[in-house]
Amino acid sequence: MTAVAPLPKRPPSLLADASTRLDDALQYVDISEDALRRLKYPKASLSVSIPVRLDNGSLAVFQGYRVRYDDTRGPGKGGVRFHPSVTMDEVQSLAFWMTFKCALLNLPFGGAKGGIALNPKQLSRQELERLSRGYIDAIADFIGPDVDILAPDVYTNATIMGWMMDQYTIIKRQASPAVVTGKPLMLGGSQGRDTATATGAFYVIDALLPKLGRQPEQTTVAIQGFGNVGAALAERLAQQGYRVVAVSDSQGGIYAEQGLDIGQIRRHRAARQTLKAGYCTDTVCNLGEHETITNAELLALEVDILIPAALENQITAANAADVQAALIFEVANGPVTSAADRILEERGKLVFPDILVNAGGVTVSYFEWVQNRSGLYWTLAEVNERLQQRLIAEAEQTWAIASQRQVSLRTAAYIHALNRLGEALDAKGTRDYYANGAT
Ligand code: GLU
């Protein structure tokens, strides 16, 4: 008898892991089987090749993606990521999270995401602009202010959003500011969008901590990721009296028991940044006067709050047992895997989910879209007041569902979002059933 060779083990799909969250919430939600089945699959996934003329005259071809996961509650909404690890699976998972994030915050949007696989620090500013415009050329028929709206994500920023909006405007031959959010202020951007994700995370942390009987002054914090969001959040927390003892970036981190001077670290990075296409290439490790730690050490620090604010899949079954922090606030998208979630829950750790904690960004994106369409622009105070109101209301409801149902905060967030989405899907009726030729 010949033995059958085992099939090679495929790497686990990020989307498959992400969608197990639906199964956890399902038993608590009144949603039709049809609605649920639809939510397990992305509605449309586009993969494009983007040719870009490099400064040295040669041609490079980049792989880009745009996924509209679901648009039942409104046009697709989500950022565009520039990162070497971008794949279709990653973009689909990020679009899945956007769908539930927008439903959780009750924004009139579905979920979408885009990305290009590249190391953006290796391109010049001109090359990046050509790539950003080439991406819009390739996906222009797939997006639009009422179809799918773009925004910044990892390694993209307001400048890049401005180029993308401009390219779309050129293609359509009409002003279309609402096709992209997170634009520069002078091109129709919103006050407060640049810091909205950090501001929103701060509002959520500050509103929920008193429920756990904690004061900022007695709370130590470690933050993984010192990009746009991680750095701004670190500074805000430090200003409000929290003791931020550790921060890190992709190169490693620094630790100081008495607390770090976050303002000084940010100024240091800003002063030493060497401009390569507008990115800071300095690292927090260059600050010699503090103890240097690795990213793995940061995740295992004995602190009260751990904030993963970098990429997905950081806390997994392999290191969840090392986490010492009692509270984990997910500022990155998908930093804790479902297997890690179970280990953390067994160990009594509270995980505050990404779709709530980092929803400030897309909420102010929604405000930007509203302002673009009405032509009436708001002050920073108006933006922040509306952001705070919306986020705290949904955070309170998520907390209440978790207490009533005795489930994790993540499951509570999915219950809350699924209730809205399921109702919308069912309200759309049975058109698809008849369209498919059923008698
Ligand atoms: N990229 C951000 C996120 O993951 C913001 C998305 C948006 O503003 O549309 O939530």
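- Taken from CZ in Arg73 to CG in Asn106, the straight-line distance is 5.0 Å, to the nearest 0.5 Å.
- Atom CD of Gln324 sits in a crowded spot, with more than 12 heavy atoms from other residues, nucleotides or ligands closer than 6.0 Å.
- The line from CD1 of Ile223 to CG of Leu298 is 9.0 Å long, rounded to the nearest 0.5 Å.
- Listed for the Trp369 side chain is a donor-acceptor partner under 3.5 Å among the backbone atoms of Pro145.
- Judged by distance alone, the side chain of Arg420 and the main-chain N or O of Ala103 form a donor-acceptor pair under 3.5 Å.
- Distance check, rounded to the nearest 0.5 Å: CZ of Phe109 to CD1 of Ile149 gives 4.5 Å.
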Test side-chain contact (heavy atoms from CB on, under 4.5 Å) on Arg236 and Tyr203 and set out the steps. CA-CA 10 Å; Arg236 183 79 188 250; Tyr203 290 151; 4.1 Å; yes
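- The residues Glu129 and Arg133 are annotated as salt-bridged, a charged nitrogen and a carboxylate oxygen being separated by less than 4.0 angstrom.
- In the model, Thr156 has no side-chain atom that pairs as donor or acceptor with a side-chain atom of Arg81 under 3.5 Å.
- A pairwise comparison of heavy atoms in Met165 and Leu187 identifies CE-O, 3.5 Å as the closest pair.
- Here the side chains of Leu209 and Gln215 are not in contact, with every heavy-atom distance at 4.5 Å or above.
- By the 4.5 Å heavy-atom criterion applied to side chains, Ile293 and Leu301 are counted as neighbours.
- Partner of Glu368 under the salt bridge (Lys or Arg N to Asp or Glu O under 4.0 Å) criterion, chosen from Arg386, Arg373, Lys183: Lys183.
- Across all their heavy atoms, Leu15 and Asp89 have their closest contact at N-OD1, 3.1 Å.
- Within a 6.0 Å radius of CD in Glu302, no more than 12 heavy atoms belonging to other residues, nucleotides or ligands are found.
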Applying side-chain hydrogen bond (donor to acceptor under 3.5 Å, both in side chains) to Thr411 and Asp24, what does each step give before you reach the verdict? CA-CA 6 Å; Thr411 299; Asp24 294 341; 4.7 Å; no
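- Using a 4.5 Å heavy-atom cutoff, the side chains of Ile315 and Pro335 are not in contact.
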With side-chain contact (heavy atoms from CB on, under 4.5 Å) as the test, would you mind laying out the steps for Tyr366 and Arg390 before giving the verdict? CA-CA 12 Å; Tyr366 163 54; Arg390 216 171 243 269; 3.8 Å; yes
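- Look at Lys40 and Asp23 and you find a salt bridge, because one of the NZ, NE, NH1 or NH2 atoms lies within 4.0 Å of a carboxylate O, short of that distance.
- For the pair Ser408 (side chain) and Ala402 (backbone), a donor-acceptor distance under 3.5 Å is absent.
- Side-chain atoms of Ser47 and Gln63 include a donor-acceptor pair closer than 3.5 Å.
- The residues Arg37 and Glu33 are annotated as salt-bridged, a charged nitrogen and a carboxylate oxygen being separated by less than 4.0 angstrom.
- A salt bridge links Asp341 with Arg21: the distance from a Lys NZ or Arg NE/NH1/NH2 to an Asp or Glu carboxylate oxygen falls below 4.0 Å.
- Inspection of the Gln167 and Asp137 side chains reveals an N or O donor paired with an N or O acceptor under 3.5 Å.
- At least one donor-acceptor pair closer than 3.5 Å links the side chain of Ser13 to the backbone N or O of Ala16.
- Side-chain contact, Thr99 with Asp70: no donor N or O sits under 3.5 Å from an acceptor N or O.
- No side-chain donor from either of Thr219 and Asp304 sits under 3.5 Å from a side-chain acceptor of the other.
- With a 4.5 Å cut-off on side-chain heavy atoms, Tyr414 and Val29 do not count as touching.
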From CA spacing to verdict: side-chain contact (heavy atoms from CB on, under 4.5 Å), Glu330, Val351: CA-CA 7 Å; Glu330 292 184 322; Val351 180; 4.0 Å; yes
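- With hydrogens and angles left out, the side-chain atoms of Ser338 and Asp17 include a donor and acceptor closer than 3.5 Å.
- Using the six-membered ring where Trp is involved, Phe96 and Tyr69 have ring planes that are perpendicular, over 60° apart on the 30 and 60° scheme.
- Under a 3.5 Å cut-off, the side chain of Asn157 and the backbone N or O of Asp194 do not form any donor-acceptor pair.
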Please lay out, stage by stage, how Lys349 and Ile343 fare under the test side-chain contact (heavy atoms from CB on, under 4.5 Å). CA-CA 9 Å; Lys349 312 291 184 194; Ile343 298 169; over 6 Å; no
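- Judged by distance alone, the side chain of Asn419 and the main-chain N or O of Ile415 form a donor-acceptor pair under 3.5 Å.
- Donor-acceptor pairing under 3.5 Å is recorded for the side chains of Gln371 and Ser190.
- Between the side chain of Asp148 and the backbone N or O of Ile143, no donor-acceptor pair lies under 3.5 Å.
- Within the 4.5 Å cutoff, the side chain of Asp322 has no heavy atoms near those of the Leu299 side chain.
- Expressed to the nearest 0.5 Å, how far NE2 of His416 lies from CD of Gln397 amounts to 4.0 Å.
- Of all heavy-atom pairs between Tyr255 and Ala246, the closest is CD1-CB, 4.0 Å.
- Val91 and Lys113 make their closest contact through CG1-O, 3.3 Å (heavy atoms, listed as atom of the first residue, atom of the second, distance).
- No donor-acceptor pair under 3.5 Å is formed between the side chain of Thr195 and the backbone N or O of Ala198.
- Of all non-hydrogen atoms in Ala417 and Phe100, the two that sit nearest each other are CB-O, 3.5 Å.
- Test Val86, Leu123, Val48 against Phe62 for side-chain contact (heavy atoms from CB on, under 4.5 Å) and you get one pass: Leu123.
- If you take OH on Tyr135 and CD1 on Ile50, they are separated by 7.0 Å, rounding to the nearest 0.5 Å.
- When atom types are taken as modelled, the side chain of Arg193 and the backbone of Gly361 share a donor-acceptor pair closer than 3.5 angstrom.
- Judged purely by distance below 3.5 Å, without hydrogens or angles, the side chains of Tyr377 and Asn372 pair a donor atom with an acceptor atom.
- Interatomic distance, CG of Asp153 versus CE of Met161, reported as 8.5 Å (0.5 Å rounding).
- With a 6.0 Å radius and a threshold of 12 heavy atoms from other residues, nucleotides or ligands, Glu423 has its CD atom at or below the threshold.
- Here the closest heavy-atom approach between residue Leu46 and residue Met88 is recorded as O-CE, 3.9 Å.
- Val364 is not listed as a side-chain neighbour of Thr199, based on a closest heavy-atom distance of 4.5 Å or more.
- In the model, Asp206 has a side-chain atom that pairs as donor or acceptor with a side-chain atom of Tyr242 under 3.5 Å.
- Side-chain polar atoms of Thr72 and Lys43 form no donor-acceptor pair below 3.5 angstrom.
- Within the 3.5 Å criterion, the main-chain N or O of Gly110 finds no donor-acceptor partner in the side chain of Asp71.
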